[in-house]
**Student:** 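My questions all concern the structure below.
Heavy-atom basis, side chains included; hydrogens, waters and symmetry copies ignored.
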Amino acid sequence: IEYYHQALDIYRITGSGPGIAGVYNDLAGIYSDINELEFALEYYETSLLIYTDLQDSFGMAMVSHNIASQYLQAEDYTNAKSYELQSLAIADKIDADEGIPSILQNLGAILEHEGDVDSALVLFYQGHEVASRIGVDEGMARIEISIGKIYLDWYKKNNAERNYLDSAKIYFLNSFELGSEMKSRELCRDASFCLMDYYSTIKEWESAYNFSTKYYAFKDTLDNANAQKEIIRSQMEYDHNIEKTRADQERKTEKEKADEKAERQFYIILTAGIVVLILIVFVFIIVRKWKETKRQKVIIEHQKELVDEKQKEIRDSINYAQRLQQAILATPKEITKYLP
């Protein structure tokens, strides 16, 4: 917790969105580990919001699956299904095969709870195929437990289909072996319980006793670990409350910044719009004035042409009259001769 919070402070300083989202996801995992589901969901939701803002598809798929797992643990199957389908859609889109097995296992568990066991088994097989293909042993082992439980339950109900019983044994044993190889106490505990149930069903009491011994040994170890986790729960709750306050303040600050930015952009757009409007009006006035000037120029030129034409007619008339007078009247020389 301490180191995660140090990392969170550094990521805040450097402005690393992916780093902050990743730390919130991991902190949520710690709260989930001590069954503080409410706190875990708060951190997961915060992480999902950041990944969504960053448009980080892988992060969105991962955290959506984690949230679905929390709801499934809380037996809120409606929300679990919604988030898991969201995670599956994103994972399929970006070909994130490593997350597919656990997603399909959760969806299968939800369908099994809803009573659609056949569809659940189909999803389990699909998840098992993907896990086997890409080498995800833990995912494969957990799905094998789910498949084995269905077959054992079918055998108990029908009490006839021996192949169901054989299939259940194969899946349980394989899951236990994988858990042992990975040193996963949780897997070994769950597989041991299933094998205890299997051997009890067929009345092989010695094998049932052996696996019951294994089951309680792993269970006691895990219970002790859980008890140790309870010791630090109060401190973690205190850290969570502090971090929640900081996260709320950060979101408030970010919202205020976003609002301020939006307001600033609004006034910039408004100012630009007013300037553009003024320019449009100015251009409109200029164009109209230019058109008016052009029209007046045409009128003046036309009037000038009319004046020139009239002036030419008058000049021609004067010249014509002058020629007539000159033709009729005596010349100045003759006038001077007779009227000295």
**Student:** With Phe176, which residues qualify under ring-ring contact (aromatic ring centres under 6.0 Å, His included), at least two apart?
**Tutor:** Phe211
**Student:** Just distance, no hydrogens or angles: give the donor-acceptor pairs under 3.5 Å from side chains in residues 327-334, sequence neighbours left out.
**Tutor:**
from   : atom 1 : to     : atom 2 : distance (Å)
Thr331 : OG1    : Glu334 : N      : 3.3
Glu334 : OE1    : Thr331 : N      : 3.3

**Student:** Which salt bridge (charged side-chain N to carboxylate O under 4.0 Å, His left out) pairs, counting each pair once, include a residue from residues 70-90, with sequence neighbours left out?
**Tutor:**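 Of all non-adjacent pairs touching residues 70-90, those that pass salt bridge (charged side-chain N to carboxylate O under 4.0 Å, His left out) are Lys81-Glu114.
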**Student:** Could you check whether any side-chain heavy atom of Leu49 comes within less than 4.5 Å of a side-chain heavy atom of Glu45, counting everything from C-beta outward?
**Tutor:** no
**Student:** Would you give the length of the straight line joining atom CH2 of Trp205 to atom OG of Ser200, rounded to the nearest 0.5 angstrom?
**Tutor:**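 Going from CH2 on Trp205 over to OG on Ser200, the span is 5.5 Å.
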**Student:** Can you list every pair that meets salt bridge (charged side-chain N to carboxylate O under 4.0 Å, His left out) and has a residue in residues 201-213, with sequence neighbours left out?
**Tutor:** none
**Student:** Would you name the heavy atoms of Arg142 and Asp190 that are closest together and state the gap between them?
**Tutor:**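 So the minimum-distance heavy-atom pair works out to NH1-OD2, 3.3 Å.
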**Student:** Test of understanding: with salt bridge (Lys or Arg N to Asp or Glu O under 4.0 Å), list the residues that count as partners of Arg295, not counting sequence neighbours.
**Tutor:**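 For Arg295, the residues satisfying salt bridge (Lys or Arg N to Asp or Glu O under 4.0 Å) (neighbours in sequence not counted) are Glu292.
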**Student:** For His65, does its backbone N or O pair with a side-chain atom of Ser69 as donor and acceptor, under 3.5 Å?
**Tutor:**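 Yes, because the side chain of Ser69 sits within donor-acceptor range (under 3.5 Å) of the backbone of His65.
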**Student:** Not counting sequence neighbours, which residues clear side chain to side chain contact (heavy atoms under 4.5 Å, CB included) with Ala89? List them please.
**Tutor:** none
**Student:** Among pairs that include at least one residue of residues 105-139, which meet ring pair (Phe, Tyr, Trp, His ring centres under 6.0 Å), considering only residues two or more places apart or in two chains?
**Tutor:**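 Only Tyr77-His113 qualify under ring pair (Phe, Tyr, Trp, His ring centres under 6.0 Å).
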**Student:** Heavy atoms, side chains only, cut-off 4.5 Å: are Ser57 and Lys93 in contact?
**Tutor:**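 No, their side chains stay 4.5 Å or more apart.
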**Student:** Suppose we screen for ring-ring contact (aromatic ring centres under 6.0 Å, His included). Which residues come up paired with Tyr83, at least two apart in sequence or across chains?
**Tutor:**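 Expected list: Tyr71.
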**Student:** For residues 121-137, pull every pair meeting salt bridge (charged side-chain N to carboxylate O under 4.0 Å, His left out), keeping only residues two or more places apart or in separate chains.
**Tutor:** Asp97-Arg133, Glu129-Arg133
**Student:** Check side chain to side chain contact (heavy atoms under 4.5 Å, CB included) between Lys294 and all other residues, then give those that pass, not counting sequence neighbours.
**Tutor:**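 Checked Lys294 against side chain to side chain contact (heavy atoms under 4.5 Å, CB included); matches are Trp290.
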**Student:** Does Asp153 have any side chain to side chain contact (heavy atoms under 4.5 Å, CB included) partners at least two apart in sequence or in another chain, and if so, which?
**Tutor:**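 Here the qualifying residues are Lys157.
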**Student:** Please answer: with hydrophobic residues joined when any side-chain heavy atoms are less than 4.5 Å apart, are Leu187 and Leu152 in the same cluster?
**Tutor:** no
**Student:** Heavy atoms, side chains only, cut-off 4.5 Å: are Tyr151 and Asn163 in contact?
**Tutor:** no
**Student:** Sequence neighbours excluded, which residues qualify as side chain to side chain contact (heavy atoms under 4.5 Å, CB included) partners of Glu301?
**Tutor:**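 Result, side chain to side chain contact (heavy atoms under 4.5 Å, CB included) vs Glu301: Lys297.
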